[in-house]
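Order of appearance sets the numbers: ligands from 1, and atoms from 1 within every ligand. Each residue takes its place number in the sequence, starting with 1. Note that the structure is a prediction, hence the values are computed from the model and not measured.
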Amino acid sequence: MREWLALAVLTLAPAAPAQDSLTLWYKQPAQLWVEALPVGNGRMGAMIFGGVSHERIQFNESTVWTGQPHDYAHHGAYQSLPKIRELLFAGKQKEAEDLAMKEFMSEPIRQQKYQAFGDLLIDYPGIDPASITGYRRDLNLQTAISTVEFKAAGVTYRREVFASYPAKVIVVRLSASKPGSLTFDAGLKSAHAGSQIALLPDGVLAMTGAVADSAIRFHASLLVTTEGGKRTAKDGKIFIDGADSATLILTGATDFINYKDVSGDPAARDAAVIAAVRLRRFDALKAEHLADYQKLFNRVSISFGTSPNTQLPTDERIKRFAQTGDPALVAMLFQYGRYLMIGSSRPGGQPANLQGLWNESNSPPWDSKYTDNINTEMNYWPVEETNLPECQLPLFDALRDLAQSGAITAKEQYNARGWVVHHNFDLWRGTAPINASNHGIWETGGAWLSTHLWEHYLFTGDKQFLRDTAYPLMKQASLFFVDAMVKDPVTGYLITGPSNSPEQGGLVMGPTMDRQIVRALFGDTIAAAKALDLDTALRERLTAMRARIAPNQIGKYGQLQEWMEDKDDPKDQHRHVSHLWGVYPGSEITPYGTPDLEKAARQSLIFRGDEATGWSLAWKLNLWARFLDGDHAYRILQNLIYPATDKTPTTPSHAGLFPNMFDAHPPFQIDGNFGATAGITEMLLQGDDPYGTPTSLTPVQSGDAAFVNLLPALPSALPDGAVTGLRARGGIEVAITWAAGKLVRATLKPSRDIPLKVRYAGKEIQIAAKAAQTYTLGPDLK
Ligand code: FUC
C-alpha cells in the first residue's frame, strides 16, 4: 500500500503547478507604495503594506475626483477652424498653434484629478517588530487574497485581505494561532482635510468628508466584528482586547451618480452595503469572493515551465530576470495583468484609469485620468484575447457618456455631426482639447475607442450588443469624420486636422495615425451596418470616402512616414510609435497583405530603438510579435521585466517593474501591465488576418470568418509551455501546447459556426468550423 502511494505521488508530482508560481511574495513589509500589494473589486482598491505592529491599508474609490459636472467644450470655436487649417496648409505651424491656443482649447484648459480616499490603520501595541520571525507577505493571483503572516512570542499572526465585487467591500481577516491573543486598534484616516470620523450608534466607524472645491462628498464605513475579546471605542478608533479573531469590513461611496448628476447619498449607500454584510460570516464572504473571482480568472491558464528562481521572493526575481531568465515570471506577469483588470474594471464601475484605480496621491501623475492617445486603449488590449470581455463594459458605458459630451464638442468646435474625443477625458467626460494646442488637439480619441466596440462584437458575436450599444456609437463616431475631414490641397486625399501625431511634431494636418484609425473606424462601421442590414447609403458613402483617405507612405529612409510629408528623423527615439498603429492594434499593415509597408514599419521601429517608457515598451512588445519576430519581442520583454526606479535625487529613472510588479513609466502607470499581458498573448496567438490591407476589408475584419495563427512569434527563450482559454476573433477558444519550440497540439472550440483559417509555421488549413465542436490539430495541422 505504501509503495502504491509513493508511486501515485511520483506520477502526480510533475503535473502539479510549481508552488508559488502565481503568488507575489516578499520577506519584508512594504516601505514604499509601489511595494505594497493591490486588491480591487472594480470600484474600490486597496494597497496593503503588511507592517508588523502597524498595518496601513491605503484605499480608493473610483469616483473620488476633484471637479463637478461641467461642459468643457469651447463654444463657437468652429469659427476659427478654417483659419487654423489655412495656416497649417500654408506651413505656418506656430501661428496656427497660437491661434488654436487662444480660440480652440477646452474651457478650462485642464481636466480634473483622480484622488486618494483614505487609509485603514491597524495598530498592535503588544507586538514588537524586532522580535518576530517567519515574516512573509504575499498576493495569490489564484485567489485574489493577500496574506501577511509572522510569529511573535510563540503566536502566529495572520492577516488576509480581499476585495469582494459581489459584496462591494474590502474584507480584512485577522487571526492568531493562540486564542485570545489579538489585541489591536483600528481607525480610518482621510486623505482630505476637514473630514469627520465618528462612531455610529450601530458600532460602525464612519468617515465623512468632501474633496475640496468639488461636488464630490464621500463617506466610508468600517465594521469590526470579533470572535472573543473586549471592545471599546475612543478618539475615533475601535479598540479590541484579547480576541481570537476579527473581521474588518470596509466600504466607501460618493454622491456621484453619473457625469451630470451628483445627487447620490454616500452615507445611505454605505449603510445599504454594510446592512447586507453585517450578519454574514467571514467564510461565506470569502467563498462568495472566490467563486466570483475565479469564474473570470480561471478561464485562462498559462505555463512556460518552471525555473530555480521560482523559489525566490518576487522582488529578487525581477532583479534577476534579464540575466538568468525565469519563464514562470513571464507567466506571472501575464496573469498579473488579468488580475489587475478584474480588480479595476468590473461592470457597473468606472473604466480603469492611468493607475487602474490604485492611487495614493491627490496630485497624481497626469491626474490619473484617462489619456486616449494610447493609454486608455492599451488598458483594454488584453481583455478579449485573455477571456475577460465583461471587464470592458465600463469603458463602453464611458463611451456612451462621451458620445453625449463629445457631440457638444463636435458641434461647437467643428460644426460637425457625431462625437469627438481629444487626447484625454475625466470623470466629468471632458472631450475638448486640453493642455496645449501642439498636442491636445488630436481628433481621433473617440474613433480609436470606438474600434473596441467592433472588436468586442468580433470576439463575442453578441448581435444585441452590436445593435443596441456598439453600432449607434460607431455610426456617430464615423459621422464626425464624414463632416470634419478635409481635402489635402497638395495630394487631393482626405485627411484629418488640425491634429498631431501623439505627442510630437506639433499641430499638423493629416498625421498617419489618424488616417489609419479613421480607415479602421469606417471599415468597422461599414461591416457593422452590413451585419445589421442597416444604412445602405451611409455604407456606400463611407466606402467611397475610405478609399480617398491618404494612404500610408514609405519615406526616404525606408521608414513608414509618420506625417504627410517625408520629414521623419531616423534619430528620433520618441516613446510614441503612433504611425505603427496600423500594425498593432490596427491590422492594415500585415506580413503577407502589405509586405513593403510592413518592412517600412519595421524600419521605423528599429529607428525608435528597444528602450522606452513602460507603456511604450509594451507597445513595442506587441509590435515585434506582429512582425513575427519572437526573439526581438523577448528582448523588449527583458527591458520591461527590469527593476524600475523612479526619479529621486540620486537615481535616474528607469522603466520596468516596481517590486509589486506595477509597471513603471516611471512613475507607475498601469497601461504597461495590461500591454505586457497583450504582448505575451500576441507571441502565442494572433487572430488578425495576416493578408489584410488598408484598402479592402478582409473576411476576418468584417466578422465573416476567423483566423487563428498559432505560435506566430514564439521566442526561443520560451521553448516549452501550454496555454488554455485564450480567445480569437470569431469567438474561438484556443488551447496550445508546445515543446522544444514546436507546436505539439492545439485545440480550437468555436462558439458559433464560422469559416476558419488556421496557420502554423508556414502551413495553413481551412475548416468549416461548427459551434460546440472541438478541433484538435498537431504540428502538421492535421
Ligand atoms: C501620454 C504619454 C505620456 C504619459 C501620459 C499619461 O501623454 O505621452 O508618456 O503616458 O500620456
**Request:** Answer yes if the side chains of Glu443 and Thr496 hold a donor-acceptor pair under 3.5 Å, and no otherwise.
**Result:**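 Not at all, the side chains of Glu443 and Thr496 share no donor-acceptor pair under 3.5 Å.
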**Item:** Closest heavy-atom pair and its distance - Thr613, Ala655
**Value:** C-CB, 3.9 Å
**Asked** Is any N or O atom of Trp615, backbone or side chain, closer than 3.5 Å to an N or O atom of ligand 1?
**Response**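 Min N/O separation from ligand 1 is below 3.5 Å for Trp615.
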Pick one of side chain, backbone, both or neither for how [X] approaches ligand 1, counting any non-hydrogen atom pair under 4.0 Å.
| X | value |
| --- | --- |
| Leu354 | side chain |
| Asn375 | side chain |
| His423 | neither |

**Request:** Provide, to 0.1 Å, the distance between atom 8 (O) of ligand 1 and the closest protein heavy atom, together with that atom's residue and name.
**Result:** His576 NE2, 2.6 Å
**Prompt:** Of the protein's non-hydrogen atoms, which lies at the shortest distance from atom 1 (C) of ligand 1, and what is that distance?
**Reply:** Glu503 OE2, 2.8 Å
**Request:** With heavy atoms of His665 as the reference, note each atom of ligand 1 found under 4.0 Å away.
**Result:**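 Answer, ordered by atom number: 3 (C), 4 (C), 9 (O), 10 (O).
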**Complete:** Quick note on ligand 1: atoms under 4.0 Å from a heavy atom of Gln669 include exactly 4 (C), 6 (C), 10 (O)
**Request:** Assess whether atom CZ of Phe607 is packed by more than 12 heavy atoms of other residues, nucleotides or ligands within 6.0 Å.
**Result:**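 More than 12 heavy atoms, drawn from other residues, nucleotides or ligands, come within 6.0 Å of this atom.
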**Asked** Do the side chain of Asp426 and the main chain of Gln112 share a donor and acceptor less than 3.5 angstrom apart?
**Response**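 Yes; at least one donor-acceptor contact below 3.5 Å.
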**Asked** Is Gln392 reaching over with its side chain to a backbone N or O of Ser345, donor-acceptor style, under 3.5 angstrom?
**Response** no
**Message:** Run the side-chain contact (heavy atoms from CB on, under 4.5 Å) test on Glu503 and Trp442 for me, step by step, so that the C-alpha distance in whole Å, both residues' side-chain angles and the decisive distance to 0.1 Å come before the verdict.
**Reply:** CA-CA 9 Å; Glu503 297 176 7; Trp442 174 73; over 6 Å; no
